[in-house]
Amino acid sequence: MGFDPWDAAFVADPYPAYRELREQGRAVWCGATGQWLVPHYADVSALLRDRRLGRTYLHRFSHEEFGREAPPPEHEPFHVLNGNGLLDLEDPAHARVRRLVAKAFTPRTVERLVPAVQRLAGELVGQLRADGGGDLLTVVAEPLPVAVIAELLGVPGADRMLLRPWSADICGMFELRPDEETARRAVRASVEFSAYLRGLIAERRMRPGEDLISGLIAAHDEDGRLSEQEMISTCVLLLNAGHEATVNTTVNGWWALFRNPAELAALRAGRDPEKLSTAVDELMRYDTPLQMFERWVLDDIRIGDIVIPRGAEVALLFGSANRDPARFDDPDALDLVRADNPHLTFGAGIHYCLGAPLARRELEASFGALLADGVPPLRLVEEPQWQDGYVIRGLKQLLVEF
């Protein structure tokens, strides 16, 4: 089986295909996606830091100059929202926005949230126990990061049920070749979420609080302030990136633990925070929730013997890089005490995930609550099925019991 992101068997287990790709070369053309696939750790790591590649090309070229078609006008609300977020900005705009966001989203902000994160994780696990089990995805994995981001942004409790559907619809556009219905849902969610945040920002301008939106309004430096659109796009990115990665790391991680009972038993036996933190990093490496990160080639680059011209697109295969035997000993083994583990799940370079410290805290709280003293061991009820998406890869559900 080769690289086929629309094949259910490939999505369920892409790692044999990744091994084949690494054997084929450092850059492999994929006609089905129209991209150069980059499967090796060293190349993916280097290219994440290479400024000849970009998440966008519009800071240097028009669509016509770059040989690409402009997106349909009806998709504009999604592209305005996405294009003004840190993930898709390039310097100098990226440096300015990241510097301002970092002033509001500080390590102190994350640490202030930790008690709430731990309390929420405990409450959600308590609900799962009270029910005797259930779907780990919907009862624990999804509610935790949504509640934490809502707490961070200052979203009122009554409105928090809006966030998950908006996030899911917007993230559908990050898959390969999304269909028109997916695009319509993403545009609608972009319009609704932007309008909601615009109202919340207006409220915080009048009555500032301790939340991140108030911090973003106050943030400024020698380059000026964040525009309202940049604030909106930042808030949406924090939800989408923080939510999707944390949810899928949780359920993918537990599925990996169920398939490696000796590792799960060892983790349960040694519950100190340092071991849990090391285990969480290994679970992120072993089955990363973001399998592919795409970049445009802004200037010709050479990967091995292949020159990739300006205007091409490369697909940096995080899932393959994190299983590359040239970088990781016995990479297909889950080793929860793996000490040398520079996985690429959070990216690298200027687009390294700003929310990585918060994501780690959420994951440690979630796994810790389910492995705590007095909590009976979890057992898998039935083998799960994978969602259709490949780029953001996760399970449809994970049914468990105590």
Side-chain angles (χ1 to χ4, degrees), residues 84-87 89 94-124 142-157 159-160 163-164 167 193 196-198 200-247 249-250 273 276-277 280-281 284 345-347 350-369:
N84 282 278
L86 276 173
L87 189 62
L89 286 174
H94 178 275
R96 175 181 59 82
V97 172
R98 189 173 183 114
R99 188 163 56 245
L100 290 166
V101 172
K103 286 190 171 188
F105 191 37
T106 63
R108 185 178 176 183
T109 303
V110 173
E111 289 308 307
R112 195 183 74 238
L113 284 168
V114 168
V117 172
Q118 293 173 336
R119 174 180 54 79
L120 284 164
E123 290 173 357
L124 294 169
E142 285 185 342
L144 179 61
V146 171
V148 171
I149 294 297
E151 184 78 16
L152 178 68
L153 297 178
V155 175
D159 296 339
R160 293 180 180 184
L163 302 183
R164 165 60 177 157
S167 174
F193 202 173
Y196 176 82
L197 288 169
R198 203 167 278 115
L200 200 56
I201 289 167
E203 187 178 311
R204 292 296 182 273
R205 287 192 195 280
M206 293 187 293
R207 290 182 291 276
E210 295 297 316
D211 53 86
L212 182 66
I213 287 178
S214 298
L216 293 175
I217 292 169
H220 61 90
D221 66 6
E222 66 276 7
D223 294 328
R225 294 175 181 269
L226 286 165
S227 70
E228 184 170 84
Q229 183 59 61
E230 288 165 345
M231 278 191 274
I232 290 169
S233 296
T234 294
C235 293
V236 172
L237 175 61
L238 283 170
L239 173 66
N240 292 347
H243 164 258
E244 295 294 339
T246 308
V247 169
T249 297
T250 302
L276 185 59
S277 177
V280 164
D281 267 313
M284 285 191 283
T345 300
F346 288 124
I350 69 167
H351 288 291
Y352 181 80
C353 178
L354 189 68
L358 180 57
R360 281 196 166 95
R361 288 295 201 171
E362 290 175 9
L363 290 164
E364 289 166 13
S366 170
F367 281 94

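In what follows, every heavy atom counts, from backbone to side chain, and hydrogens, waters and symmetry copies are set aside. Bear in mind that the values here come from a model prediction, so they are computed numbers and not experimental data.
Residues His351 and Leu86 fail the side-chain proximity criterion, which asks for heavy atoms closer than 4.5 Å. Residues Leu238 and Leu212 are in side-chain contact: their nearest non-hydrogen atoms beyond the backbone lie under 4.5 Å apart. Between Arg205 and Glu228 the shortest side-chain heavy-atom distance falls below 4.5 Å. Residues Leu113 and Arg361 are not in side-chain contact: their nearest non-hydrogen atoms beyond the backbone lie 4.5 Å or more apart. Residues Val247 and Pro145 have side chains in contact (heavy-atom distance under 4.5 Å, counting atoms from C-beta outward). Within the 4.5 Å cutoff, the side chain of Ile350 has no heavy atoms near those of the Arg98 side chain. Between Thr106 and Thr109 there is a side-chain heavy-atom pair separated by less than 4.5 Å.
Considering every non-hydrogen atom in both Ala218 and Arg225, the closest pair reads O-NH1, 4.1 Å. Nearest heavy atoms, Phe346 versus Met284: CZ-SD, 3.6 Å. When every heavy atom of Arg204 is checked against every heavy atom of Ser214, the shortest pair comes out as CD-OG, 3.4 Å. Heavy atoms only, all atoms of each residue included: Lys103 and Ala219 are closest at CB-CB, 4.5 Å. Across all their heavy atoms, Ala147 and Leu120 have their closest contact at CB-CD1, 3.9 Å. Of all heavy-atom pairs between Ala365 and Ala121, the closest is O-CB, 3.6 Å.
For the atom pair SG of Cys235 and CG of Leu153, the computed distance is 5.0 Å after rounding to the nearest 0.5 Å. To the nearest 0.5 Å, atom OG1 of residue Thr234 and atom CG of residue Leu89 are 8.0 Å apart.
Checking Ile201, Leu237, Ile213, Leu200 one by one against Ile232, the side chain to side chain contact (heavy atoms under 4.5 Å, CB included) holds for a single residue, Ile201. Ile149 pairs with exactly one of Asn240, Val155, Leu358 by the side chain to side chain contact (heavy atoms under 4.5 Å, CB included) rule, that one being Leu358.
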Inset, instruction - Just do the side-chain contact (heavy atoms from CB on, under 4.5 Å) check on Val97 and Leu226 with the steps written out, would you? - result: CA-CA 7 Å; Val97 172; Leu226 286 165; 3.8 Å; yes

Legend entry - side-chain contact (heavy atoms from CB on, under 4.5 Å) assessment of Leu163 paired with Phe193: CA-CA 8 Å; Leu163 302 183; Phe193 202 173; 3.9 Å; yes

Inset, instruction - Show the numbers, then the answer: is there a side-chain contact (heavy atoms from CB on, under 4.5 Å) between Leu100 and Leu216? - result: CA-CA 7 Å; Leu100 290 166; Leu216 293 175; over 6 Å; no

Legend entry - Trace of the side-chain contact (heavy atoms from CB on, under 4.5 Å) decision for Thr345 with Asp281: CA-CA 9 Å; Thr345 300; Asp281 267 313; over 6 Å; no

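Side-chain atoms of Ser233 and Gln229 include a donor-acceptor pair closer than 3.5 Å.
Screening residues 142-157 for side-chain hydrogen bond (donor to acceptor under 3.5 Å, both in side chains), with sequence neighbours left out, gives Glu142-Arg164, Glu151-Arg160.
Electrostatic pairing of Arg360 and Glu364 does not count as a salt bridge here, judged by no charged N lying under 4.0 Å from a carboxylate O. Of the charged side-chain nitrogens involved, at least one lies within less than 4.0 Å of a carboxylate oxygen, so that Arg96 and Glu230 count as a salt-bridged pair. Here Glu210 does not pair with Arg112 in a salt bridge; the nearest charged N to carboxylate O distance is not below 4.0 Å.
Residues passing the ring pair (Phe, Tyr, Trp, His ring centres under 6.0 Å) test with Tyr196, sequence neighbours excluded: Trp166.
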